[in-house]
Colleague: 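First, the structure itself, so that you have it in front of you.
The analysis underlying the following values was restricted to heavy atoms, covering all of them including side chains, and did not include hydrogens, waters or symmetry mates. Proteins come first, then strands; the chains are lettered A, B, ... in the order of their sequence lines, and each starts at number 1.
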There are 2 protein chains.
Amino acid sequence: MVKAKGFHHGDLKRALLGAALELLDEQGDAGVGIRAVARKAGVSHAAPVNHFKDRRALLTGLAIKLFDDIQTNISKRLESVSNDPAMRIESVVKSFFEYGAEHPNRYALLWRNDVVDHECDEMRIREDAVYDFICNEINNLTAGRNIDTDTVAIGLWSMMHGYIDLKIVGMFEEREDSVTGEDRPEALIKMFRTIFDQYGL
Amino acid sequence: MVKAKGFHHGDLKRALLGAALELLDEQGDAGVGIRAVARKAGVSHAAPVNHFKDRRALLTGLAIKLFDDIQTNISKRLESVSNDPAMRIESVVKSFFEYGAEHPNRYALLWRNDVVDHECDEMRIREDAVYDFICNEINNLTAGRNIDTDTVAIGLWSMMHGYIDLKIVGMFEEREDSVTGEDRPEALIKMFRTIFDQYGL
DNA sequence: CAATGATATTGACACTGTCCATATATAAAT
DNA sequence: ATTTATATATGGACAGTGTCAATATCATTG
């Protein structure tokens, strides 16, 4: 939709990512095609190749942007959280829960191995940033004790991601109604806190 | 590859699913196109429409078959497991872990909301079968106590699925080496057992 | 044997990603 | 300033895709 005057666009790369995001929200990643994005940005079908050599590159670029948005969300939320490591971890988990619920198509794209290149540096850096943050806080918890940080981190991350992903798939649709009234994500967080307790954290 | 003599194939539906499975293993779901499958089965590009009206229908049919295979694996493995509910749950989890590791493309397809129809009955029935089994065993554990079965089941399922999925994405690739030597999935199972312990199960 | 319904084929259409040669604009160098 | 070079955008082409419609073939039933 964004367009400038003249032959050259001026800021096409940003415009393409914007159009791609809209299409992603509306139709999922299947709707984010090079031609469709170009159309929405008001340029010819071959224009994007100057900024993204591939459809894969386009979607990878989009995923990187999304990851940055998540990081922003996380940081903003963390500002009003105490220094208690468990609280800070909980805060990050909540950020992801919210993001997955509000933008399912965006969250799903992040983990699509076939259309997003997770090997590239720009992607790895951002994944590491979140992962390392969690590991760091876990380390603050375990300090000194003989507990493998990665095991706890992977367990936490797995449960968090699995819940969001399966919820997007619709796996829990007819099973979440019959609850105790308590919010389910909250219950999951509480459940993981029992792991911490068990480990004596 | 499978083909019979004559104009009519004889058992095309099965042949199509077989060809689709091969393509899935080789190239992921992106390689499972109607035309590609038809080619591999040795029929014309429009032949599959008699058995699967859509590409979506084809992939959904494939997913259903895969789910049945998993169920077979689970049942077979359960035969040599005691009646202890925790053991039986563990056995199911291990079946999924193995399946995801051996056939990543198959496992990933199962949860692809865009190309597989999870609303259809044949799919829901199979998902319910596994989920209900786990709930049932959890109930055997919690018997009488005031514990919400779905919460535990969803937590367990989430961690299991999340771990497999993220491993397929490659999220844990460079982080699983620095382990205690213990197998990571085993560690995750143990971690979840601590939840049971905490709940007094 | 005829007819009906299921199954397979061929051809067409619009769409896609990718490459190519071309055109234009901006920037740098003479 | 004029030329040269580089970055960016265009339009056409090609092979591939999913889906539909018309046609041909087989298998079975009446």
Colleague: D:dT17 P sits how many Å from B:Lys40 NZ, rounded?
Modeller: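 B:Lys40 atom NZ is separated from D:dT17 atom P by 13 Å.
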Colleague: Using the side-chain heavy atoms of B:Ile34, tell me which of these nucleotides is nearest: D:dT19, C:dC19, C:dA8.
Modeller: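 Ranking D:dT19, C:dC19, C:dA8 by closest atom to the B:Ile34 side chain puts D:dT19 first.
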Colleague: Is any side-chain N or O of A:Arg35 closer than 4.0 Å to OP1 or OP2 of D:dT10?
Modeller: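 A:Arg35 to D:dT10 OP1/OP2: no side-chain N or O under 4.0 Å.
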Colleague: Identify which nucleotide among D:dA9, C:dT18, C:dG11 has an atom closest to any side-chain atom of A:Ala47, counting heavy atoms from C-beta outward.
Modeller: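 Within the option list, the nearest is D:dA9.
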Colleague: A:Asp11 has an atom CG; how far is it from atom P of D:dA7, in whole Å?
Modeller: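 The distance from CG of A:Asp11 to P of D:dA7 comes to 18 Å, rounded to the nearest Å.
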Colleague: Taking CZ from B:Arg14 and P from C:dT7, how many angstroms apart are they, rounded to a whole number?
Modeller: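 Rounding to the nearest Å, CZ of B:Arg14 and P of C:dT7 are 14 Å apart.
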Colleague: Once you round it to whole Å, what is the distance between P of D:dA9 and NZ of A:Lys53?
Modeller: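 Computing the A:Lys53:NZ to D:dA9:P distance gives 19 Å.
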Colleague: Looking at the side chain of A:Ala46, which of C:dT18, D:dT10, C:dT10 is the nearest nucleotide?
Modeller: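 Nearest to the side chain of A:Ala46 among the choices is D:dT10.
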Colleague: With distance as the sole criterion, do the side chain of A:Asn50 and the base of D:dA9 form a donor-acceptor contact below 3.5 Å?
Modeller: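 Indeed, a donor on one side and an acceptor on the other fall under 3.5 Å apart.
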Colleague: Kindly say whether A:Val115 contributes a backbone atom to a donor-acceptor pair with the side chain of A:Asp29 at under 3.5 angstrom?
Modeller: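 Here the side-chain-to-backbone pair does not exist.
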Colleague: Checking side chain to side chain donor-acceptor pair (under 3.5 Å) for the pair A:Asn136/A:Tyr131: CA distance, chi angles, key distance, verdict?
Modeller: CA-CA 9 Å; A:Asn136 196 35; A:Tyr131 185 82; over 6 Å; no
Colleague: Can you list the steps and then say if B:Phe97 with B:His161 is a ring-ring contact (aromatic ring centres under 6.0 Å, His included)?
Modeller: CA-CA 9 Å; B:Phe97 277 169; B:His161 168 69; over 10 Å; no
Colleague: Does one side chain, of B:Ser95 or B:Asn73, offer a donor that lies under 3.5 Å from an acceptor on the other?
Modeller: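 Not at all, the side chains of B:Ser95 and B:Asn73 share no donor-acceptor pair under 3.5 Å.
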Colleague: Figure out the CG/C1' separation between A:Leu16 and D:dA9, and round it to whole Å.
Modeller: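 Distance, rounded to whole Å: 12 Å.
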Colleague: Without decimals, in angstroms, what is the distance between A:His51 NE2 and D:dA7 P?
Modeller: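 Between P of D:dA7 and NE2 of A:His51: 12 Å.
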Colleague: Round to the nearest Å and state the distance from B:Asp29 atom CG to D:dG18 atom P.
Modeller: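 Whole-Å distance recorded here is 12 Å.
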Colleague: Among C:dA8, D:dT19, C:dT16, which nucleotide sits nearest the side chain of A:Arg39?
Modeller: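 Closest nucleotide to the A:Arg39 side chain: C:dT16.
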Colleague: Is any N or O donor-acceptor pair between the side chain of B:His45 and the base of D:dG16 shorter than 3.5 Å?
Modeller: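 Such a pair does not exist between side chain and base.
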Colleague: Might you confirm whether atom CZ of A:Arg56 has over 12 heavy atoms from other residues, nucleotides or ligands at distances under 6.0 Å?
Modeller: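 Count over threshold, so yes.
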Colleague: How close or far is atom C1' of C:dA6 from atom CG of B:Leu12, stated in whole angstroms?
Modeller: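 Roughly 12 Å, once rounded to whole Å.
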